[in-house]
Amino acid sequence: MSKVLVLGGNFAGLTAALEAKRRIGDARHTVKVVSLSDKFLFIPSLIWVPFREREISQITRPLEPIFRRKGVEFVNAEALSIDPLQKVVKTTDGEEEYDYLVIATGPKFNYGALEGSDPKLGHNHAIHYPGGAMETREAFEALVANPGPAVVAAAPGAGCMGAAYEFLFNLEFNLRKAKVRKRVDLYWITPEPYLGHFGIDGIRGGKTMLTAMLKALNIKSMVNTAIASVDERGITLDSGELIESTFNMIMPAFIGQDVVRESGNDLGNEAGFIPVNGTYQHKRYPHIFSAGVAVDVVKPFTTPLPLGVPKTGFPADTEGKVVGENIAKMLRGDLELRSKPFDEIPPLCVMDAGHKEVLIYGNRFFKPRKFEMMIPNPIYDVSKRMLERYFLLKTAAGRSQLP
Ligand SMILES: Cc1cc2nc3c(=O)[nH]c(=O)nc-3n(C[C@H](O)[C@H](O)[C@H](O)COP(=O)(O)OP(=O)(O)OC[C@H]3O[C@@H](n4cnc5c(N)ncnc54)[C@H](O)[C@@H]3O)c2cc1C
């Protein structure tokens, strides 16, 4: 009998656990998930929460019933440290032994890297966790009541550029809807070397399309620009220039979770991400797998300012499936594991642009690509809404095998 332990229960962890259980079949082997959150959260829809287009309850689903129906054990706890030599994880709910471990704990938001940017200080707002999105709702409504300059930005090393663009366009759209757009100078400040780089060295036509969109919407953009700090006056750039603003949303840099960074034993790299090979096995510990944002991805390009790789939902789901399949194979003694390196996963994404959308697709995440395209839909943002419904239904039903 073997124990499979999965840390994290969102996109990557949920898929890996359900897929491992489904493919293993044999009830003598156990699959257990330890997750800090007791709910699945469809993070991509958080960009709509500040504008009252979604409530948190509409985009979350309780995890325990999903796992119970599928025969997966669930513990709502935080993993504190991992001992890869003893094969033990210390959690806030006691110790868990494992034969196979999956690390799918997602990102930690590195506010420490940018002075004044921690939302708790009140100068910056956040959209990547429920409490932050709700607080941003209050700040947006205060901006509508008392319009002034606003900045949407990505910090150097930011890991989720696409979401920052989405928020920018949704903010612009909702300011127009509230009939105060003319009284808000809107800025986009980004470390990308050009608009539409997205941390993937762009997609053909993307730079032209984003440049045209920002121009048409009268958004002032600053590329290749590093923010040094944020305070009650606004944003100070590395150059010393102050951009006065009354509302700021700066997408932070992502690092790995404390549980990885503090476990030692060369478990993670310096940033706390897990070095894996194409099978998503740890490079040094073959019984440890990782999936989703927790994985270390090496970029095949450099940029003047640091940029994070957008480890989006599609790769997280794909990697979770590969991990589940490979653990089932190892348990059967089949050592021909499936390999699907990150850069071979297609960059399949919908960028919601506030009543408009852009579909992004290519055959590989990084260049060179055989084909790549960005298809704008200027009429209505329907695709992400459909994707959200589909994913929440699929998740509630525990159907990890579905695309
Ligand atoms: C605002 C925003 C919008 C986005 N929009 C899109 C989009 O439109 N399309 C797209 O494809 N991607 C989008 N993404 C990216 C997408 O959300 C991520 O790719 C996805 O969430 C990664 O899944 P994950 O499972 O690796 O990490 P997460 O979803 O972050 O899940 C990590 C899980 O681990 C748990 N955890 C953390 N630490 C511990 C611990 N120590 N012990 C136990 N459990 C722990 C957490 O509670 C959580 O359940 C967006 C991201 C953001 C922030």
Side-chain angles (χ1 to χ4, degrees), residues 5-17 32-50 54 59-60 63 74-82 89-93 96 102-109 126-130 132-133 136 154 158-167 170 198-199 249 251-252 254 256-263 272-274 280 290-295 297 308-320 323 345-353 357-360 365 381 383-385 387-388 391 395:
L5 182 66
V6 180
L7 308 181
N10 222 39
F11 283 85
L14 177 111
T15 307
K32 186 185 273 190
V33 174
V34 173
S35 185
L36 185 54
S37 172
D38 63 351
K39 295 186 184 68
F40 172 81
L41 167 66
F42 191 78
I43 295 175
S45 294
L46 284 174
I47 54 152
W48 289 322
V49 170
R54 287 291 182 278
I59 56 171
T60 48
L63 285 173
F74 176 63
V75 180
N76 180 204
E78 180 178 5
L80 299 172
S81 65
I82 298 164
V89 175
K90 205 183 274 177
T91 82
T92 47
D93 193 50
E96 298 282 352
V102 182
I103 302 173
T105 43
K108 176 174 172 153
F109 315 118
I127 51 157
H128 41 275
Y129 57 96
T136 302
C160 206
M161 205 65 73
Y165 272 109
E166 285 188 310
F167 181 74
N170 276 272
F198 292 129
M249 196 301 286
M251 185 58 76
F254 289 0
Q257 293 287 6
D258 292 348
V259 59
V260 175
R261 285 181 302 113
E262 286 165 18
S263 288
F273 294 122
I274 308 290
Y280 295 93
S290 185
V293 179
V295 166
V297 175
V309 172
K311 302 172 200 167
T312 50
F314 187 70
D317 189 67
T318 306
E319 292 161 11
V323 166
I345 299 174
L348 177 58
C349 211
V350 181
M351 185 177 80
D352 186 272
E357 63 186 7
V358 181
L359 310 181
I360 299 171
F365 220 89
D381 52 345
S383 306
K384 185 155 167 169
R385 289 165 206 278
L387 183 69
E388 174 204 72
F391 210 91
T395 299

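Read the numbers this way: they start at 1 and go in the same order the structure lists the ligands and their atoms. Keep in mind it's a predicted model, so treat the numbers as computed, not measured. Only heavy atoms go into these numbers, but all of them, side chains included; no hydrogens, no water, no symmetry mates. One-based numbering along the sequence shown.
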Donor-acceptor pairs under 3.5 angstrom involving side-chain atoms of residues 159-166: please list them, not counting sequence neighbours.
unit_1	atom_1	unit_2	atom_2	d
Tyr165	OH	Trp188	NE1	3.4
Tyr165	OH	Glu192	OE1	2.7
Tyr165	OH	Glu192	OE2	3.3
Tyr165	OH	Gly196	N	3.0
Glu166	OE1	Lys384	NZ	2.9
Glu166	OE2	Asp352	N	2.8
Glu166	OE2	Lys384	NZ	2.9

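- Thr136 approaches Ala126 most closely through the heavy-atom pair OG1-O, 2.6 Å.
- With Lys108 contributing its side chain and Gln257 its backbone, the two residues share no donor-acceptor pair below 3.5 Å.
- Salt bridge annotation for Glu96-Lys90: absent, with no cationic side-chain nitrogen under 4.0 angstrom from a carboxylate oxygen.
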Between the protein and ligand 1, which nitrogen or oxygen pairs come in under 3.5 Å, and how far apart is each?
unit_1	atom_1	unit_2	atom_2	d
ligand 1	8 (O)	Lys384	NZ	3.1
ligand 1	11 (O)	Gly313	N	2.8
ligand 1	12 (N)	Gly313	N	3.2
ligand 1	19 (O)	Lys311	O	2.7
ligand 1	19 (O)	Thr312	O	3.2
ligand 1	19 (O)	Gly313	N	3.1
ligand 1	25 (O)	Phe11	N	3.3
ligand 1	25 (O)	Ala12	N	2.9
ligand 1	26 (O)	Val293	N	2.8
ligand 1	29 (O)	Asn10	ND2	2.9
ligand 1	41 (N)	Ala79	O	3.1
ligand 1	42 (N)	Ala79	N	2.8
ligand 1	44 (N)	Leu36	N	3.0
ligand 1	47 (O)	Ser37	N	3.3
ligand 1	49 (O)	Ser35	OG	3.4

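- For the pair Lys311 and Phe254, the cation-pi test (distance below 6.0 Å, angle within 45°) is failed.
- Leu46 has its side chain out of reach of Arg54: every pair of non-hydrogen atoms, C-beta onward, lies at least 4.5 Å apart.
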